[in-house]
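What you see is a predicted model, and the numbers here were worked out from it, not measured in a lab. Proteins come first, then strands; the chains are lettered A, B, ... in the order of their sequence lines, and each starts at number 1.
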Amino acid sequence: MKKIRTRIAPSPTGTPHIGTAYISLLNYYFARINNGKVILRIEDTDSKRSKSKFENKILELLHWLGIQWHEGPDIGGKFGPYRQSERNNLYNKYVEKLIKVGKVFKCYRTSEELEKLRKCKVDKTLKEKDLQLDYKELKFRKKHNWPYVIRLKVPNKGKCVFYDVLRGSITMNWDQIDSQVLIKSDGTPTYHLANVVDDYLMGITNVIRGEEWITSTPKHKLLYDYFGWKQPEFCHLPLLRNPDKSKLSKRKQNNSIEFYRKMGYLPQTIINYLGSLGGVKTTKWYRKNTNMKTKVDIKSISLGGPIFDLDKLSWLNGIYIRSMKNETLIQVMYEWAKDYIHKILPTIKPRIKILTDIIHLSEQVFYGLPKLKKEDFKVIALKKKLQIKVLKHLWLQLEYIEKWDKQNILYKVKQVSNQLQMKMKTIIAPIFIAINGRLISTSVINTIVILGKDITRIRIKQAIKLIGGITLKHENK
RNA sequence: GUCCCUUUCGUCUAGUGGUUAAGACACUGCUCUUUCACGGCAGUAACAUGAGUUCAAUUCUCAUAGGGGACACCA
């Protein structure tokens with residue numbers, strides 16, 4: 001039997017997400033229980049959004065969770081490079097092949113035209129014939145070197161059947177599948193091309209990925225067929241959901257892995273909880289299995305998208321914490337607090353008279369969510385409505401910051417003050433309560449810097465909710 | 001809108017052609033404890049609906065409804 005090879009293929013376009021952890025975990029375990037290998041491949045074909053700082057974070061946090069790989073950009077391997085942006089020459093070579101056999105075509109359409117064309121079609125599916133330009137126009141655009149993309153030729157009729165390990169065969173009509181762009185106008189590949197070529201070249205036997213890929217699998221199958229390659233086994237995992245049942249979104253900040261680390265969840269909690277969302281069959285499993293060596297059967301995963309339940313996660317974390325030896329726990333506590341201690345020290349040092357002052361001065365960086373009540377905001381002279389307004393504006397301002405440092409954050413807070421035409425002194429009070437949990441304490445800007453984006457924003461959100469603001473309109477955009 | 005996936009307590013999961021449908025989180029009560037928490041005990045609570053197959057369906061089939069996803073020169 002061929003040796004199992006799976007891949008973890010994150011895209012470095014944002015801070016790593018709990019969904020990434022889930023998919024990575026199952027790839028890791030599937031390889032492990034089958035004595036196979038795991039490949040980590042960075043899918044950075046989107047050059048505009050990919051950032052190396054995100055790649056670093058992804059590697060760091062997967063390591064933190066204890067997920068391991070045998071080949072990857074950080075450790076190398078026989079099938080490298082493991083960053084798609086470093087493999088562009090390869091893809092071109094394979095596109096040449098497709099051009100030779102006539103399975104792709106050049107498309108000179110502009111994005112405005114595409115938009116119009118899609119509007120005209122009920123199913124929004126664009127095929128080769130929909131994209132055709134009349135002869136004159138085509139000649140003109142070619143002559144004047146208009147930018148073009150290379151698209152996949154897709155059958156117009158018939159059915160595409162492919163096999164999913166969890167669901168059996170899935171059938172789709174070819175007329176529903178559009179002529180996917182394989183090479184963008186800048187000459188770089190799209191995900192679909194790079195992914196198939198790399199999975200083939202890297203000898204991936206099992207593609208374990210999220211359910212959102214099911215509908216593009218026919219395109220991938222077509223590529224395998226055109227190249228004459230054997231398909232890997234496809235396994236589409238159900239998507240993790242928010243309590244409102246929507247897909248666990250990258251936009252919702254509190255789903256970043258780092259958020260859970262900062263809040264004080266242990267890596268084994270996250271790993272075991274994620275594992276429990278489907279793959280694990282025993283009932284008394286939580287207490288008995290602190291690692292997932294046993295009883296994982298990927299084929300038994302439940303197909304309803306599970307809701308990521310914070311209550312249960314916290315309960316599990318408690319189980320692990322209480323089962324630790326004191327020395328170990330002290331170590332864990334120190335590791336967790338160390339960063340905060342180092343960062344808060346310069347701020348509190350001028351205020352310390354006796355050592356016992358320390359706790360009171362620095363507690364705001366240690367509680368994940370301050371335990372606030374509605375009444376806590378009533379001490380502020382500012383009207384309720386305006387408090388909410390201030391916090392909502394701050395929420396928005398803090399969403400996009402290039403670098404999370406004092407200067408930028410201060411600038412954003414000043415923006416809020418300008419926007420609302422209110423003095424700093426006025427707007428800062430509700431921010432103090434929301435973030436620091438009280439009015440008299442160290443600089444709130446400083447706290448925000450130390451806490452980082454995830455924790456800061458969840459505190460603001462909590463405050464808005466407490467004061468009585470209903471929703472954050474821009475929360476999920 | 002079109003297509004695809006999906007459906008067991010509020011949530012995560014077991015399970016079965018004939019079961020008192022199981023466990024865990026959450027919730028409630030009791031207990032332990034100086035309080036709280038932890039622990040222990042107990043309780044509330046589910047097979048989406050309709051039709052078919054069958055002696056029998058939560059389990060098999062089909063339809064309907066709910067939920068989710070995809071429909072980009074993003075992954």
Side-chain angles (χ1 to χ4, degrees), chain A residues 9-14 17 19-20 23 41-50 54 84 107-111 114-115 118-119 121-126 147-151 159-160 162 164 166-195 209-219 236-250 273-287 300-319 321-323:
Chain A
S11 162
T13 54
H17 190 241
T20 310
I23 308 276
R41 184 176 70 221
I42 298 295
E43 308 233 320
D44 53 353
T45 50
D46 183 349
S47 56
K48 286 183 204 96
R49 293 195 303 146
S50 294
F54 292 138
Q84 290 184 326
C107 173
Y108 285 88
R109 289 285 190 180
T110 64
S111 46
L114 292 175
E115 206 175 306
R118 283 202 182 89
K119 266 188 189 160
K121 296 205 71 179
V122 189
D123 57 7
K124 294 180 182 170
T125 309
L126 294 183
Y148 66 88
V149 299
I150 295 179
R151 289 177 180 270
K159 287 177 191 306
C160 169
F162 63 93
D164 177 273
L166 299 178
R167 293 158 242 265
S169 51
I170 295 173
T171 308
M172 267 179 245
N173 289 324
W174 280 121
D175 63 17
Q176 290 291 325
I177 316 294
D178 64 357
S179 285
Q180 179 61 46
V181 172
L182 297 181
I183 299 284
K184 306 174 199 172
S185 55
D186 65 357
T188 61
T190 58
Y191 163 87
H192 302 276
L193 205 230
N195 181 267
R209 60 179 12 164
E211 200 177 37
E212 77 258 43
W213 294 107
I214 287 183
T215 39
S216 37
T217 305
K219 293 168 190 169
H236 292 99
L237 300 171
L239 264 16
L240 263 32
R241 317 258 195 112
N242 296 304
D244 68 0
K245 293 200 173 179
S246 64
K247 171 183 168 181
L248 211 61
S249 145
K250 285 187 183 172
Y273 178 68
L274 288 175
S276 79
L277 298 179
V280 178
K281 278 197 142 183
T282 49
T283 33
K284 288 184 180 168
W285 173 79
Y286 287 115
R287 280 150 202 264
S300 71
I301 286 183
S302 303
L303 294 175
I307 287 165
F308 192 81
D309 181 7
L310 257 184
D311 277 337
K312 195 150 181 178
L313 189 74
S314 302
W315 165 80
L316 222 210
N317 205 57
I319 299 276
I321 295 270
R322 290 189 298 274
S323 69

Report task. Could you check A:Val181 against A:Leu166 and say which one's nearest nucleotide on RNA chain B is further toward the 5' end? Result -> A:Leu166
Query raised in the report: Which value, in whole Å, describes the distance between the P atoms of nucleotides B:C36 and B:G29?
Result: 13 Å
Below 3.5 Å between N/O atoms, which protein atoms pair up with nucleotides 58-65 of chain B? Just atom names and distances, please.
none

Report task. Let me know the distance between CZ of A:Arg209 and P of B:C74, rounded to the nearest Å. Result -> 17 Å
**Report entry** Gap between atoms CZ and P, on A:Phe308 and B:U13 respectively (whole Å)
**Finding:** 12 Å
Query raised in the report: Touch check for A:Thr188, heavy atoms < 4.0 angstrom, all strands: base, sugar-phosphate only, or nothing?
Result: nothing
Requested in this report: Quote, to the nearest angstrom, the P distance that separates B:A46 from B:G10.
Outcome: 7 Å
Query raised in the report: If you measure from the C1' atom in B:U13 to the same atom in B:C4, how many Å do you get, rounded?
Result: 25 Å
**Report entry** Any-strand Watson-Crick or G-U partner of B:G17, both distances under 3.5 Å
**Finding:** none
Requested in this report: Please state whether the phosphate of B:G39, meaning OP1 or OP2, lies under 4.0 angstrom from any side-chain nitrogen or oxygen of A:Arg322.
Outcome: yes
Requested in this report: For nucleotides B:U31 and B:U59, find the distance between their C1' atoms and express it as a whole number of Å.
Outcome: 40 Å
**Report entry** Protein-nucleotide distance (A:Asn317, atom CG; B:A37, atom P), rounded to Å
**Finding:** 19 Å
Query - Euclidean distance, atom NE2 of residue A:His17 to atom C1' of B:A75 [Å, nearest integer] - result: 13 Å
**Report entry** Sugar-phosphate only, base, or nothing, as touched by A:Thr171 at under 4.0 Å among non-hydrogen atoms
**Finding:** sugar-phosphate
Query raised in the report: So do the side chains of A:Pro306 and A:Leu240 get within less than 4.5 Å of each other, counting heavy atoms only?
Result: yes
Query - Nearest-angstrom distance, C1' atom, B:U19 to B:A57 - result: 13 Å
Query - Pairwise salt bridge (Lys or Arg N to Asp or Glu O under 4.0 Å) hits with a residue in residues 166-178 of chain A, at least two apart - result: A:Asp164-A:Arg167, A:Arg167-A:Glu211, A:Asp178-A:Lys219
Query raised in the report: When the distance from NE2 of A:His192 to P of B:A75 is rounded to whole Å, what number comes out?
Result: 7 Å
Report task. Could you work out which one of B:C12, B:A75, B:U11 sits closest to the side chain of A:Asp309? Result -> B:U11
**Report entry** Check: A:Gln84 main-chain N/O paired with A:Asp44 side-chain donor or acceptor under 3.5 Å
**Finding:** yes
Grab the N/O contacts between the protein and nucleotides 66-70 of chain B below 3.5 Å, and write none if there aren't any.
unit_1, atom_1, unit_2, atom_2, d
B:G67, O2', A:Arg241, NH1, 3.2
B:G68, O4', A:Arg241, NH1, 3.4
B:G69, OP1, A:Lys247, N, 3.1
B:A70, OP1, A:Lys247, NZ, 3.0
B:A70, O4', A:Thr215, OG1, 3.3
B:A70, O2', A:Thr215, OG1, 2.8

Report task. Can you tell me the pairing partner of B:A63 across any strand shown, Watson-Crick or G-U wobble, with both distances under 3.5 angstrom? Result -> B:U49
Report summary line: Across every strand shown, the nucleotide meeting Watson-Crick or G-U wobble geometry with B:A24 (both distances under 3.5 Å) is B:U11
Query - Beyond-backbone contact of A:Ile42 with A:Pro10, side-chain heavy atoms, under 4.5 angstrom - result: yes
Query raised in the report: Is a donor-acceptor contact shorter than 3.5 angstrom present between the side chain of A:Arg167 and the base of B:C5?
Result: no
Report task. Using modelled atom types only, decide if a donor and an acceptor are shared between the side chain of A:Asn242 and the backbone of A:Asp244 within a distance under 3.5 Å. Result -> no
Query raised in the report: So do the side chains of A:Leu303 and A:Leu166 get within less than 4.5 Å of each other, counting heavy atoms only?
Result: yes
Query raised in the report: Between B:C74, B:C12, B:C25, which nucleotide gets closest to the side-chain atoms of A:Pro306?
Result: B:C12
Requested in this report: Indicate for each nucleotide in nucleotides 42-49 of chain B, in 5' to 3' sequence, whether protein heavy atoms under 4.0 Å reach the base (B), only the sugar-phosphate (S), or nothing (-).
Outcome: --------
Query - By side chain to side chain contact (heavy atoms under 4.5 Å, CB included) - contacts of A:Lys48 (at least two apart) - result: A:Asp46
Report task. Please work out if A:Val149 contacts a base, only the sugar-phosphate, or nothing of the nucleic acid, heavy-atom cut-off 4.0 Å. Result -> base
Query raised in the report: Any side-chain heavy atom of A:Met172 within less than 4.5 Å of one from A:Phe162?
Result: yes
Query - N/O (side chain, A:Lys184) to phosphate O (OP1/OP2, B:C74) under 4.0 Å - result: yes
Query raised in the report: Across all strands shown, which nucleotide pairs with B:C74 by Watson-Crick or G-U wobble geometry, both distances under 3.5 Å?
Result: none
Report task. Find which nucleotide of RNA chain B each of A:Asp178 and A:Ile307 is nearest to by heavy atoms, and output the residue with the more 5' nucleotide. Result -> A:Ile307
Requested in this report: Using atom types as modelled and distance alone, determine if a side-chain donor or acceptor of A:Thr217 lies under 3.5 Å from a backbone N or O of A:Trp213.
Outcome: yes
Query raised in the report: What residues form a side chain to side chain contact (heavy atoms under 4.5 Å, CB included) with A:Ser185, not counting sequence neighbours?
Result: A:Pro147, A:Val149
Requested in this report: With P as the reference atom in both, quote the distance from B:C12 to B:G68 in angstrom, rounded to an integer.
Outcome: 13 Å
Report task. Kindly say whether A:Val181 contributes a backbone atom to a donor-acceptor pair with the side chain of A:Thr190 at under 3.5 angstrom? Result -> yes
Report task. Determine the interatomic distance between P on B:G67 and the same-named atom on B:C73; round to the nearest Å. Result -> 29 Å
Query raised in the report: A:Cys160 and A:Trp174: side chain to side chain contact (heavy atoms under 4.5 Å, CB included), yes or no, with the steps?
Result: CA-CA 6 Å; A:Cys160 169; A:Trp174 280 121; 3.4 Å; yes
**Report entry** Distance, rounded to the nearest Å, where A:Asn173 contributes CG and B:C5 contributes P
**Finding:** 11 Å
Report summary line: Rounded to whole Å, CD1 of A:Ile150 lies from P of B:A72 at a distance of 20 Å
Query raised in the report: If only atom types and distance count, is the side chain of A:Tyr273 paired as donor or acceptor with the main-chain N or O of A:Asp309 below 3.5 Å?
Result: yes
Query - Side chain A:Arg151, main chain A:Ser179, donor-acceptor under 3.5 Å - result: yes
Report task. Rounded off to whole Å, could you give me the CG-to-C1' distance for the A:Leu274 and B:U13 pair? Result -> 15 Å
Query raised in the report: Quick one: the side chain of A:Lys312 and the base of B:A26, do they pair up donor-acceptor inside 3.5 Å?
Result: no
Query - Pairing nucleotide - B:C41, Watson-Crick or G-U, each distance under 3.5 Å - result: B:G29
Report task. Output the single nucleotide from B:A14, B:C74, B:C25 whose closest atom is nearest the side chain of A:Trp315. Result -> B:C25
